[in-house]
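We use all heavy atoms of the structure for the numbers below, so side chains are in, but hydrogens, waters and symmetry mates are not.
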Amino acid sequence: MNLDFHEAEELLAELAARLEKEQQRQDVEVIVCPPSPYLEMAYDLGTDEEDENTVYFAVGAQNVGEYEKGAYTGEVSAGMLSSMNVEYCIVGHSERRKLFGETDAQVARKVERLLQNGIVPVVCCGETLDERRAGNHFDVIGNQLEQGLFHLDPLDFSRIVIAYEPVWAIGTGQTATPAQAQEVHAFIRELVQEKYGKETARQVPLLYGGSCNPATAPELFAQPDIDGGLVGGASLKAGDFIDIINSFE
């Protein structure tokens with residue numbers, strides 16, 4: 001929940017201009033997830049006015065309501081997002097779980113709504129500092145995936161993105177070491193393989209989130225099971241975000 005409308009417009013315009021100028025790499029997909037009031041603006045700025053096939057960045061939402069429609073004042077439905085050309089949506093972010101009490105059951109319902117409307121869910125999982133210190137982080141993450149995702153059939157699951165975000169490293173300046181992050185990503189891929197098979201496990205994108213910045217991104221992205229980043233504060237500066245995009249070897 002950052003930036004007013006004009007600040008967001010300036011940031012997204014600069015990002016689009018930089019991506020256009022630097023001839024965005026074809027092997028890296030860039031997705032911007034602004035607050036809901038800015039979604040239409042983000043789509044307009046991220047897409048070339050003269051050629052809709054030229055996209056500087058795709059657009060995702062930060063959250064979605066779990067209901068199809070109805071008397072749920074303040075909620076935004078998956079159908080509404082789809083009608084605004086939103087292609088992705090973050091689900092189950094640790095802040096939603098911690099601050100708003102979002103449960104794995106709600107995550108599962110939101111995932112289903114998004115898939116029904118052709119939107120790719122970016123499903124977050126991760127442990128708190130206490131859970132890691134207690135050595136329970138694998139159990140926590142396994143349960144989050146089991147309850148939030150593993151009810152899907154193979155076709156629907158193939159459209160999912162998973163983001164691992166150690167809660168203790170979000171907004172704290174702390175970052176999981178590349179070895180710690182890789183260990184968890186490998187664990188997630190192994191769980192997916194057990195449930196859906198080797199090919200699906202190989203193809204599912206696994207993102208790392210948790211104080212990902214230009215300094216930490218290169219070594220994180222060099223790990224074999226880390227396919228990208230769920231970038232927080234560093235995405236509020238176009239230059240830093242571009243540097244992270246360019247961190248892939």
Inset, instruction - Decide if atom CD of Gln223 counts as having more than 12 heavy atoms of other residues, nucleotides or ligands within a radius under 6.0 Å. - result: yes
Legend entry - Arg96 side chain reached by Gln106 side chain, heavy atoms, under 4.5 Å: no
Inset, instruction - Would you please test Arg189 and Asp227 for salt bridge (charged side-chain N to carboxylate O under 4.0 Å, His left out) and show each step? - result: CA-CA 11 Å; Arg189 208 175 293 277; Asp227 302 314; 2.9 Å; yes
Inset, instruction - Report yes if the side chains of Met1 and Pro35 come closer than 4.5 Å at any heavy-atom pair, otherwise no. - result: no
Inset, instruction - Heavy atoms only: give me the nearest Gly79-Asn117 pair and the separation to one decimal. - result: CA-OD1, 3.4 Å
Legend entry - Donor-acceptor pair, side chain of Ser235 and main chain of Gly232, under 3.5 angstrom: yes
Inset, instruction - Please name the pair of heavy atoms, one in Val64 and one in Ser77, separated by the smallest distance, quoted to 0.1 Å. - result: CG2-C, 3.7 Å
Legend entry - Non-hydrogen atoms of Pro214 and Ile244 that approach each other most closely: N-CG1, 3.7 Å
N/O donor to acceptor pairs below 3.5 angstrom from side-chain atoms of residues 140-148, sequence neighbours left out:
from	atom 1	to	atom 2	distance (Å)
Asn143	ND2	Asp139	O	3.2
Gln144	OE1	Gly126	N	2.8
Gln144	NE2	Gly126	O	3.3

Legend entry - Cluster overlap Val107 with Val122, hydrophobic side-chain contacts below 4.5 Å: no
Legend entry - N/O donor-acceptor pair under 3.5 Å between Glu194 side chain and Leu191 backbone: no
Side-chain donor-acceptor contacts of residues 154-170 below 3.5 Å, not counting sequence neighbours, with atom names and distances?
from	atom 1	to	atom 2	distance (Å)
Asp156	OD1	Arg159	NH1	3.2
Ser158	OG	Leu155	O	2.5
Arg159	NH2	Leu115	O	3.0
Tyr164	OH	Glu127	OE1	3.0
Tyr164	OH	Glu127	OE2	3.0
Glu165	OE1	His93	NE2	3.2
Glu165	OE2	Ser94	N	2.6
Glu165	OE2	Ser94	OG	3.4
Trp168	NE1	Glu127	OE2	3.0

Inset, instruction - Please round to the nearest 0.5 Å and tell me the distance separating atom CZ of Arg202 and atom OG1 of Thr200. - result: 9.5 Å
Inset, instruction - Please check if Val120 and Leu81 belong to a single hydrophobic cluster, counting links between Ile, Leu, Val, Met, Phe, Trp and Tyr side chain heavy atoms closer than 4.5 Å. - result: no
Inset, instruction - Specify the closest pair of heavy atoms between Pro121 and Val91, including all atoms of both residues, with the distance to one decimal. - result: CB-CG2, 4.2 Å
Inset, instruction - Please indicate whether Lys195 has more than 12 foreign heavy atoms, meaning atoms of other residues, nucleotides or ligands, lying under 6.0 Å from its NZ. - result: yes
Inset, instruction - Measure the spacing between CG of Asn63 and SG of Cys33 and express it to the nearest 0.5 Å. - result: 11.0 Å
Inset, instruction - Decide whether Ile119 and Val59 are clustered together by the hydrophobic rule: side chain heavy atoms of Ile, Leu, Val, Met, Phe, Trp, Tyr closer than 4.5 Å, transitively. - result: yes
Inset, instruction - Could you state whether Leu19 and Tyr43 fall into the same hydrophobic cluster, counting links through intermediate Ile, Leu, Val, Met, Phe, Trp or Tyr residues with side-chain heavy atoms under 4.5 angstrom apart? - result: yes
Legend entry - Side-chain (Arg97) to main-chain (Cys125) donor-acceptor, under 3.5 angstrom: no
Inset, instruction - With rounding to the nearest 0.5 Å, note down the distance linking CZ in Phe221 to CG in Leu207. - result: 8.5 Å
Inset, instruction - Supply the atom-to-atom distance Ile188 CD1 to Leu206 CG, rounded to the nearest 0.5 angstrom. - result: 6.0 Å
Inset, instruction - Find the distance between CD (Gln116) and CD (Glu68) and round it off to the nearest 0.5 Å. - result: 7.0 Å
Legend entry - In one Ile/Leu/Val/Met/Phe/Trp/Tyr side-chain cluster, 4.5 Å: Tyr208, Phe248: yes
Legend entry - Lys21/Ile242 under side-chain contact (heavy atoms from CB on, under 4.5 Å): CA gap, chis, key distance, verdict: CA-CA 11 Å; Lys21 180 180 179 181; Ile242 292 291; over 6 Å; no
Legend entry - Atom CD of Gln203 with >12 non-hydrogen neighbours under 6.0 angstrom: yes
Inset, instruction - Begin with the C-alpha distance, continue with both residues' side-chain angles, and end with the deciding distance and a verdict on side-chain contact (heavy atoms from CB on, under 4.5 Å) for Leu230 and Ile90. - result: CA-CA 10 Å; Leu230 183 67; Ile90 300 170; 4.1 Å; yes
Inset, instruction - Could you pull out the closest heavy-atom pair between Leu11 and Leu236, with the gap in Å? - result: CD1-O, 3.6 Å
Legend entry - Check: Arg18 and Leu15 side chains under 4.5 Å, non-hydrogen atoms: no
Legend entry - Nearest atoms (heavy-atom pairs only) where Ala186 meets Asp225: CB-OD2, 3.6 Å
Inset, instruction - Give, for atom CG of Leu152 and atom CD of Glu112, the distance between the pair rounded to the nearest 0.5 Å. - result: 6.5 Å
Inset, instruction - Please examine the side chains of Val204 and Tyr196, heavy atoms only from C-beta on, and report whether any two atoms are closer than 4.5 Å. - result: no
Legend entry - Criterion side-chain contact (heavy atoms from CB on, under 4.5 Å) on Glu29 and Tyr88, from CA distance to verdict: CA-CA 12 Å; Glu29 183 172 11; Tyr88 297 84; 2.6 Å; yes
